[in-house]
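Heads up: numbering here begins at 1 and tracks the sequence.
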Amino acid sequence: MRISIPRYLVYAVILIVICLVFFVPIFPSVDGAAHLYNSLIFKDLFMDLPSAYNKVFTYNKIIVPNWFDHIFIAGLSFLFSALLAQKIFVVITIVSFTHAYFKVGSGNDILTLLILPFIFSFFLITGLYNQTWSFIVFLYFLSFLDRNNFKVKREFKFWLIIFVYAMLFWITSVLGYGLFLVLLGITLFNQKKLSKVIRDAVITVFLISPSFILTIYFVANTSMSNGEPVIGVFSRIINLLLLDSLKFSGMGGEPIFLGIVSISVIILLVLVLRNNKNVGLYVLIGCVLLLFAIATPNHVGAGMLSNRLAFYFWLFVLFFIKKFSSNVKLNSWFSAIVLICFVLTMNKRYNTHFEKYGELSKEIYDIGIGIETGKSVWSVNYSDEWFVGHSLNYACIPNKAIAIDNYEANYAWFPIRWRNEYRFLGQQYKNLWVAHSLTNFTNVSTDYILTYGTIPKPVKEELLKSYYVIDRNERLILLAKKD
């Protein structure tokens, strides 16, 4: 039996990456705590458990395409503790991403290493789990279409798989769902007889109609807005070339390493295009994805749209390279370059962010043990550390406390919402957040206040009139309301 050294090298690298997830007490991400918290709420609502969550939260009446990670993590929490369920979810995400790319092509196992920087992108590290899974589904769908030579097979199995992919794209990302329709349209028209195109299109419309109707209903009933600045076309092109969607901190060295990754992938792409002439359909798909990434404004809708589309484009480029690149020596050299850049980048990220905020997240979770079950908690970040994000929500997990700063419950594109009679809780936080006056607690009604960073002296004096300190460490203070 012949041993594939490149394959086992890939296995070893992924195993080391997985170990990194378990080296930290909690795998830190900006939105990860909020997703875990709301997944546990979803679990209690689904099981109709007599918990404090049931009294305060409810399902979103609008069926939104943002359920995947909530359902997945909630399911894992039946078998594991909340924190372990979150880690296992991240590990499954990493392994699935790797496997989706590993299955592309044949005999190019070493090129699987090219996907590593794309797995640990801005989207995964900031906790945009649904978007990350949409990328995974995108790779699997490309492989499925490629195995069928981008042709329609008039078989029950083929149509069933199309239906499943339609639902998977819808439940992970509306943007990914749109690209699914584009790829499906190209596949339908990739045949000579118009009669067959029309017949297959009728079947396709029937199969995707449930997910399409849900998408239209969601878009029509949900107002999305964000505060991102407008980015011009030239800037979008530069961001795409510099792999801006992979950066999450701009720390020293990160832009350089990712720039080298970008150059390596582009060189491989050029070589593959030069050596493969009959790839017109793939070039067409690539051009369409590139056009979407450049032409789409970044600031509309849910935000980061051009960055998200640029990421889909790069995934298609990687797909194309792995399928058609046949020069073993070049594949090995460029894979080694990308691997080295990935290791150097991850080393910096681990030392500056993962370890620090993983430990901080566990401290937040532990301090939350002192919060009474079902009580309301207001969490405020007084530092300028943006990566803390919604990590303060970890304090509300041990005893099912009510997080007033549960931002997901305030927005129509998440599965969990406040019940009408409790909506004022979230509105307090939202109003102060919009007004940029998180130091004003005059009209806030809450049982506990959790702070991170240095509290301004006037605010601290005001707080201590109505609250007393029950727990604290160097970075966190937990205050309870006086009787």
Has F46 got more than 12 heavy atoms of other residues, nucleotides or ligands less than 6.0 Å from its CZ? no
Under 3.5 Å, is there a donor-acceptor pair linking the side chains of W133 and D69? no
Would you say the side chains of Y407 and N393 form a donor-acceptor pair under 3.5 Å? no
Plane angle bin for H353 and F387 - parallel if under 30°, tilted between 30 and 60°, otherwise perpendicular: perpendicular
With distance as the sole test, does N399 use its side chain to make a donor-acceptor pair with the main-chain N or O of A401 at under 3.5 Å? no
Side-chain donor or acceptor of R236 paired with backbone N/O of N307 under 3.5 Å: no
Any side-chain donor paired with an acceptor under 3.5 Å for T172 and N130? no
Answer with yes or no whether the side chains of Y37 and H390 bring together a donor and an acceptor at under 3.5 Å. no
Taking 4.0 angstrom as the limit, do R349 and E254 come out as a salt bridge? yes
Should K400 and E372 count as an ion pair when the cut-off is N to O under 4.0 Å? no
With a 4.0 Å cut-off, would you call E363 and R475 a salt bridge? yes
Does any donor atom in the side chain of Y177 or S211 lie under 3.5 Å from an acceptor atom in the other side chain? yes
Can a donor-acceptor pair be found between the side chains of Y394 and Q86 at a distance below 3.5 Å? yes
Which distance, rounded to the nearest 0.5 Å, do you find between the CG of L392 and the CH2 of W378? 12.0 Å
